[in-house]
Amino acid sequence: IILCLGTLLTTVTWYWLDNDVGFHKPPRPKRGVGKLSDVCKDCRSRLRGQCNGFDKAIITQENTPIGSEIVFNGDGKKLKVTREIFNTFAKENPFKTRLDTCALVGNSGILTDSRCGKSIDSAQFVMRCNLPPLKDGYEEHVGIKTDLVTANPSILEHKYESLMNRRLLFVEGLQTYGNALLLLPAFSFGSNTALSLRAAYTIEEFNSPARPIFFNPGYLQNLSVFWRNEGLKPRRLSTGFFMTSLALEICDNVELYGFWPFGNHPYDYYSLSNHYYDDMKVSAVHAMPAEFDILLQLHSEGVLKLHLENC
Ligand code: CDP
């Protein structure tokens, strides 16, 4: 009986995914989620009005002068901006004009063997999360073009020994992304700051073409409040979800790849690793399936395009 019920449930779920939300057919709004329909109705303009990522997502010398106080969104720490810190800020807003098409690439195992590399690279602006590997066989599936890549300090800790030893490895690793913007959450937690500044200083000292920029914690805080008011209450939003919210403000067309926080492929049902390059488990502070529900809703309303199929 359990086996039959399990099979029935799986069949109904996949039938619903294939036919009701329809990644191949024109999408219809998802049923039974009530409030979400309202959320997404004018999501872009509301994000613009309440969070203003276009001007405020990134700390710049224009929006954060010497002497101003930075309040960390993760632990509430406060920091007065000294000249030395100010000098590490972007001189001006890196998003000067609105972008046409952006591909935002999450790290889900769904990208394995997807052959989506060309499609991703054809976007005007490509954003990636957490310094993901692109070479050694991945390129065909995830592409190589990178205009912006994020780096959580935990990656710098594990991959590059917190930049306390041989920093050349970090600089060599960055070569994959050319002169992309390197987005660091330097002022989210007190423990992030020194490490993020070390990354920026290393880039400068080694003449790396990468361009470090810092997330504005005030913007991240506004985003958390925005989504909490819409019913999304994880301990921390995932990098991909923060980046999706930003992309909705700075890009006219947002194409998502590599967003699928589930253990089986949506069409062929075989098991997937968490990332396309490893099977490190999702941190318990995130609620990626709940975030995915919202992404699906945005997709079904035509606000963004979620790619789950192979290319
Ligand atoms: O830093 P974080 O743990 O949030 O992310 P990650 O594991 O490096 O992956 C980057 C982003 O891809 C995540 O923040 C998610 O939005 C998305 N992702 C997903 O949708 N499904 C997965 N299985 C893994 C990541």
Side-chain angles (χ1 to χ4, degrees), residues 17 21 23 57 73-74 102-114 116 120 126-134 138 141-143 146 148-160 173 176-177 180 182-186 188-189 191-192 195-196 199 214-215 220 223-224 227 232-248 254-299 304-310:
L17 272 176
V21 174
F23 292 103
N73 60 305
C102 298
L104 172 58
V105 190
N107 289 332
S108 167
I110 196 175
L111 283 173
T112 304
D113 297 330
S114 67
C116 285
I120 290 172
V126 180
M127 301 186 248
R128 303 181 188 271
C129 304
N130 288 326
L131 300 176
L134 307 178
Y138 296 121
H141 309 293
V142 303
T146 309
L148 182 154
V149 61
T150 69
N152 276 349
S154 61
I155 305 283
L156 302 179
E157 253 168 67
H158 296 129
K159 234 171 149 177
Y160 302 112
T176 309
Y177 314 105
L182 175 71
L183 179 50
L184 298 146
S188 288
F189 292 90
S191 53
N192 291 6
L195 183 47
S196 303
F214 305 133
F215 254 132
L220 297 179
L223 272 186
S224 301
W227 289 113
L232 186 59
K233 297 174 181 166
R235 267 171 56 208
R236 214 183 304 159
L237 293 172
S238 75
T239 307
F241 202 77
F242 275 128
M243 292 308 297
T244 304
S245 307
L246 176 59
L248 286 173
V254 177
E255 311 258 337
L256 300 190
Y257 297 83
F259 283 74
W260 179 255
F262 306 105
N264 291 83
H265 193 276
Y267 296 111
D268 303 322
Y269 320 140
Y270 55 82
S271 52
L272 296 172
S273 52
N274 181 36
H275 294 145
Y276 67 81
Y277 48 85
D278 71 24
D279 202 14
M280 200 147 132
K281 293 300 162 212
V282 182
S283 159
V285 298
H286 295 318
M288 289 191 195
E291 293 177 355
F292 184 81
D293 252 8
I294 292 183
L295 299 181
L296 209 48
Q297 181 72 24
L298 292 168
H299 169 90
L304 52 71
K305 186 154 195 252
L306 191 51
H307 292 264
L308 296 182
E309 69 284 15
N310 289 339

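One-based numbering, in listed order, for ligands and for the atoms of each. For this chain, numbers begin at 1 and follow the sequence in order.
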K.L.:
Examine the proximity of ligand 1 to Cys129 and report which part, side chain or backbone, both or neither, has a heavy atom under 4.0 Å away.
P.N.:
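Side chain only.
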
K.L.:
In the structure I gave you, are the side-chain heavy atoms of Leu304 and His299 within less than 4.5 Å of one another anywhere?
P.N.:
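Yes, at least one pair of side-chain atoms sits under 4.5 Å.
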
K.L.:
Taking the side chain as every heavy atom from C-beta outward, state whether Cys116 and His307 have any atom pair closer than 4.5 Å.
P.N.:
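Of all side-chain heavy-atom pairs linking His307 with Cys116, none is under 4.5 Å.
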
K.L.:
Tell me the protein heavy atom at minimum distance from atom 7 (O) of ligand 1, and give that distance in Å.
P.N.:
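In this structure, atom 7 (O) of ligand 1 has His275 NE2, 2.6 Å as its nearest protein heavy atom.
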
K.L.:
Atoms of ligand 1 less than 4.0 Å from Pro261 heavy atoms?
P.N.:
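Close to Pro261: 20 (O), 21 (N), 22 (C), 23 (N).
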
K.L.:
For ligand 1, which part of Met288 has a heavy atom less than 4.0 Å away: the side chain, the backbone, both, or neither?
P.N.:
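For Met288, only side-chain atoms sit under 4.0 Å from ligand 1.
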
K.L.:
Identify, for atom 14 (O) of ligand 1, the protein heavy atom at the shortest distance, and state residue, atom and that distance.
P.N.:
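The closest heavy atom on the protein side is Gly240 N, 2.8 Å.
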
K.L.:
Is the closest side-chain heavy-atom distance between Trp227 and Ser245 below 4.5 Å?
P.N.:
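The answer is yes; the side chains approach within 4.5 Å.
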
K.L.:
Are the side chains of Leu184 and Leu156 in touch, meaning some heavy atoms are under 4.5 Å apart?
P.N.:
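Leu184 vs Leu156: side chains touch.
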
K.L.:
Give me the residue, atom name and distance of the protein heavy atom closest to atom 3 (O) of ligand 1.
P.N.:
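Protein heavy atom at minimum distance: His286 NE2, 3.5 Å.
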
K.L.:
Suppose I only count heavy atoms of Gly106 and a 4.0 Å limit; which atoms of ligand 1 are within that range?
P.N.:
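Close to Gly106: 12 (O).
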
K.L.:
Please work out which of the three classes, parallel, tilted or perpendicular, describes the rings of Tyr277 and His275, given edges at 30° and 60°.
P.N.:
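Aromatic pair His275/Tyr277 classed parallel.
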
K.L.:
Got a donor-acceptor contact below 3.5 angstrom from the Ser188 side chain to the Asn73 backbone?
P.N.:
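Not a single qualifying donor-acceptor pair exists.
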
K.L.:
Using a 4.0 Å heavy-atom cut-off, which part of Asn152 comes near ligand 1: side chain, backbone, both, or neither?
P.N.:
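Side chain only.
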
K.L.:
Under 4.0 Å from a heavy atom of Asn274: which atoms of ligand 1 are those, numbered in the order shown and with their elements?
P.N.:
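With Asn274 as reference, the close atoms of ligand 1 come out as 22 (C), 23 (N), 24 (C).
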
K.L.:
First locate atom OG1 of Thr150, then atom CG of Asn130, and finally report the distance between them rounded to the nearest 0.5 Å.
P.N.:
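It comes to 4.0 Å.
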
K.L.:
So do the side chains of Phe241 and Leu223 get within less than 4.5 Å of each other, counting heavy atoms only?
P.N.:
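When only atoms from C-beta onward are counted, Leu223 and Phe241 do not touch, as no gap falls below 4.5 Å.
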
K.L.:
Between the candidates Leu131, Asp278, Asn130, which shows the shortest non-hydrogen contact distance to atom 1 (O) of ligand 1?
P.N.:
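Comparing heavy atoms across Leu131, Asp278, Asn130, the nearest one to atom 1 (O) of ligand 1 lies in Asn130.
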
K.L.:
Given Thr239, Leu272, Asp279, which has its nearest heavy atom closest to atom 4 (O) of ligand 1?
P.N.:
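Ranked by closest heavy atom to atom 4 (O) of ligand 1, first place is Thr239.
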
K.L.:
Could you check if a side-chain atom of Val105 sits within less than 4.5 angstrom of a side-chain atom of Val126, using non-hydrogen atoms only?
P.N.:
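Sidechains of Val126 and Val105: in contact.
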
K.L.:
On a heavy-atom basis, I'd like to know which of Leu104, Val105, Asn107 is closest to atom 9 (O) of ligand 1.
P.N.:
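Closest candidate by heavy-atom distance is Asn107.
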
K.L.:
Out of Gly258, Gly263, Ser238, whose heavy atom sits nearest atom 17 (C) of ligand 1?
P.N.:
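Going through Gly258, Gly263, Ser238 one by one, Gly258 has the nearest heavy atom to atom 17 (C) of ligand 1.
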
K.L.:
Backbone, side chain, both or neither: what part of Phe292 comes under 4.0 angstrom of ligand 1, heavy atoms only?
P.N.:
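Near ligand 1, Phe292 shows nothing, with every heavy atom at 4.0 Å or more.
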
K.L.:
Would one find an N or O of Trp260, backbone or side chain, under 3.5 Å from an N or O of ligand 1?
P.N.:
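N/O-N/O distance below 3.5 Å exists for this pair.
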
K.L.:
Answer yes or no: is there a side-chain heavy-atom contact under 4.5 Å between Glu291 and Leu232?
P.N.:
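Yes, close enough: below the 4.5 Å cut-off.
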
